[in-house]
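Given the structure is predicted, the values throughout are model-derived calculations rather than measurements.
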Amino acid sequence: MSSVLIQHIKQLVNTREENHLLRGVELADLPVIEDAFVLIEDGIIADYGNMYELELKVPQLPKQIIDADGQFVLPTWCDSHTHLVFAKTREEEFIDKLKGMSYAAIAAKGGGILNSANKLHEATADELFNGAWKRLEELSKLGTGAIEIKSGYGLTAEGELKMLRVIKKLKERSVLSIKSTFLGAHTYPVAYKEDHAGYIDSIINQMLPVIAAEKLADYIDCFCETGFFSPEEMETICKAGMRYGLKPKLHVNQLNSIGGIESAIKLNALSVDHLETMTDADVKMLSNSGTIGTLLPTAAFFLRMPFQPARQLIDAGCAIALASDYNPGSSPSGNMNFMIALSCIQMKMLPEEAINAATINGAYAMELQHELGSISIGKKANLIFTKPIPSLAYLPYSFGTNLISQVMINGQFI
Ligand code: NIG
Ligand code: FE
């Protein structure tokens, strides 16, 4: 057995004997232990506590001991919403936007998701894998230890399956925990612009059976939005996915409130993601449901949209997660540290709330809460070691500065 003791940690963050999905006021409660230790055995957290408990809890010290003087240790980020697999970046659209075009106008002229779909068809599976692998490595150094990755730039059976097989290979090769989501319903491809029923039929009858047979996805997603998929279309697609055991995790209320929240809750969705545009009724419905609201503030930031109403959602008692939405169109960064800073600066979330939303609640939004998201006995030793910092609030406060010294995944420094 390989054992390692991390000792003299200035603050061990998000220590939980048991965990449950955090809602409303609970999000502000972030348990910490000052002057702490963590014992790791075979990549799993075996014990933790205050230094004064060390002798009692760990009578026989392991050979490998690491001093973490002045450092904070946190669970790694659980990024529950990304589009990490893509062929090319889209900085030309970024320039169009700087010159005044809207996201919707760019999409309408064949840019946006369709642009990424064209590029994806030209790329080989190896090229897609290598690009995503590089991004995954960069993200792990920034503290991401678990990640959800969507398809959705294929928009044909061939393209969607190519993406999902790339995600499957990432799952097999990476030490990070990865969940895969089928997002065939990201937009209508050009060939089906006037034949929505035809495209939905191909999702249900061509794509889903292969996805299920090859076990290519954990979840099903749909972009429920004006000009994309209606709530009724989303329900049809999700119900078909659910017959294969895929739970819905959905894009709703990014640009418009068109009934996506209500439909998602009816479908018992694991999460509803984006939520830039929420009516009071939407907030109320979400707060009374078991569905997680996943906020993607870097998408609002990059598209210069109003930020998600985090305070209103928390005050209403919603269960909130935070994710990066890493994608080439609306959030070309998967840096969860910046995302957390933005959540505090622009959405007025407290550092404790943001950290909980990006760790334990993010784990729930990927159903990884038994393995990740907190410092708990039996969970994976996926840990962020900060540089020496004065306080936890210093992390979002000093946005843009990389304060991570080292990242450990399954008990190994990467
Ligand atoms: O989550 N809103 C829909 N999908 C992505 C953006 C996709 C793209 O522009 O490539 C999102 O923001
Ligand atoms: Fe997204």
Side-chain angles (χ1 to χ4, degrees), residues 81-84 86-121 150-155 183-194 196 199 221-234 250-261 263-264 272-280 282-283 293-310 312-313 322-335 338-339 342-343 345-347:
H81 181 137
T82 82
H83 308 248
L84 190 80
F86 55 85
K88 289 248 163 64
T89 53
R90 304 205 314 249
E91 57 274 25
E92 66 289 344
E93 290 179 6
F94 170 61
I95 301 296
D96 285 342
K97 269 183 244 139
L98 294 180
K99 291 181 177 165
M101 268 180 102
S102 69
Y103 183 67
I106 289 170
K109 74 157 192 177
I113 298 164
L114 290 175
N115 183 359
S116 278
N118 285 335
K119 287 170 174 164
L120 187 119
H121 284 277
K150 299 173 195 299
S151 69
Y153 293 131
L155 308 179
L183 176 56
H186 202 182
T187 190
Y188 285 100
V190 179
Y192 287 97
K193 205 164 181 266
E194 305 304 330
H196 288 191
Y199 186 57
D221 193 350
C222 173
F223 186 22
C224 181
E225 185 55 68
T226 309
F228 294 81
F229 293 81
S230 69
E232 296 71 32
E233 290 168 339
M234 174 170 84
L250 303 165
H251 281 76
V252 302
N253 291 52
Q254 181 183 12
L255 310 171
N256 297 283
S257 171
I258 57 167
I261 299 270
S263 292
V272 283
D273 304 21
H274 265 292
L275 315 189
E276 283 88 329
T277 313
M278 294 286 279
T279 65
D280 290 347
D282 288 330
V283 173
T294 301
L295 312 184
L296 312 171
T298 49
F301 171 71
F302 191 74
L303 300 181
R304 251 174 256 106
M305 287 197 52
F307 282 87
Q308 290 82 2
Q312 195 192 344
L313 290 161
L322 286 168
S324 75
D325 197 20
Y326 194 179
N327 76 78
S330 65
S331 180
S333 162
N335 187 338
F338 177 66
M339 189 284 301
L342 208 54
S343 302
I345 298 163
Q346 293 286 2
M347 304 199 295

Please lay out, stage by stage, how Arg304 and Leu98 fare under the test side-chain contact (heavy atoms from CB on, under 4.5 Å).
CA-CA 10 Å; Arg304 251 174 256 106; Leu98 294 180; 3.5 Å; yes

>> With heavy-atom distances below 4.5 Å as the criterion, would you say the side chains of Leu295 and Leu313 are in contact?
In response: yes

Output for pair (His121 NE2, Ser116 OG), nearest 0.5 Å, gives 11.0 Å

- Item | Pairwise side-chain contact, Leu255 with Thr226, heavy-atom cut-off 4.5 Å (strictly under) | no

With a 4.5 Å cut-off on side-chain heavy atoms, are Ile261 and Leu275 touching? yes

Q. Parallel, tilted or perpendicular: which describes the rings of Tyr153 and His83, with under 30° parallel and over 60° perpendicular?
A. tilted

OG of Ser343 to CD of Gln308, rounded to nearest 0.5 Å, is 8.0 Å

ask   = Between His251 and His81, does any side-chain donor sit less than 3.5 Å from a side-chain acceptor?
value = yes

In Thr279, Asp273, Asp282, the residue satisfying side-chain hydrogen bond (donor to acceptor under 3.5 Å, both in side chains) with Asn253 is Asp282

- Task: Check the angle between the aromatic planes of Phe223 and His186 and answer parallel, tilted or perpendicular using the 30° and 60° thresholds.
- Result: perpendicular

- Residues Glu92, Lys119; criterion salt bridge (Lys or Arg N to Asp or Glu O under 4.0 Å); working and verdict: CA-CA 14 Å; Glu92 66 289 344; Lys119 287 170 174 164; 3.2 Å; yes

ask   = Side-chain contact, heavy-atom cut-off 4.5 Å: Pro231 with Ile258?
value = yes

Heavy-atom nearest pair, Ser324 first then Ser331, reads O-OG, 2.8 Å

Closest non-hydrogen atoms of Glu93 and Gly112, given as atom of the first, atom of the second and distance, are OE2-N, 2.7 Å

### Task
Give a yes or no on whether the backbone of Gly184 and the side-chain of Tyr199 come within a donor-acceptor separation of less than 3.5 Å.
yes

Nearest heavy-atom contact between Arg90 and Gly329 is NH2-CA, 3.0 Å

dist Leu322:CG -> Met347:CE (nearest 0.5 Å) comes out at 5.0 Å

Note to self: Can you confirm whether Tyr192 sits close enough to Leu155 that some side-chain heavy atom of one is under 4.5 Å from a side-chain heavy atom of the other?
What the structure shows: no

In this structure, CG of Leu114 is separated from CD1 of Ile106 (nearest 0.5 Å) by 12.5 Å

Quick check: do Glu225 and Asn256 have side-chain heavy atoms less than 4.5 Å from each other?
yes

Item checked: Derivation of the side-chain contact (heavy atoms from CB on, under 4.5 Å) call for Leu303 and Lys97 -> CA-CA 8 Å; Leu303 300 181; Lys97 269 183 244 139; 3.8 Å; yes

>> Pair His274, Asp325 - check side-chain contact (heavy atoms from CB on, under 4.5 Å), show working.
In response: CA-CA 9 Å; His274 265 292; Asp325 197 20; 3.4 Å; yes

- Under 4.5 Å between any side-chain heavy atoms of Glu233 and Cys222, yes or no? no

In terms of heavy-atom contacts, Leu250 and Asp221 come closest through CA-OD1, 3.2 Å

### Query
When you look at Thr298 and Ser333, which way does the side-chain contact (heavy atoms from CB on, under 4.5 Å) test go after all the steps?
CA-CA 8 Å; Thr298 49; Ser333 162; 5.6 Å; no

In this structure, NZ of Lys88 is separated from CG of Asn115 (nearest 0.5 Å) by 10.0 Å

- prompt: Which class fits the ring pair Phe302 and Phe94: parallel under 30°, tilted 30 to 60°, perpendicular over 60°?
  reply: parallel

Value for OG (Ser330) from CD (Gln254), rounded to nearest 0.5 Å, stands at 6.0 Å

With a 4.5 Å heavy-atom cut-off, do Pro297 and Met339 have their side chains touching?
yes

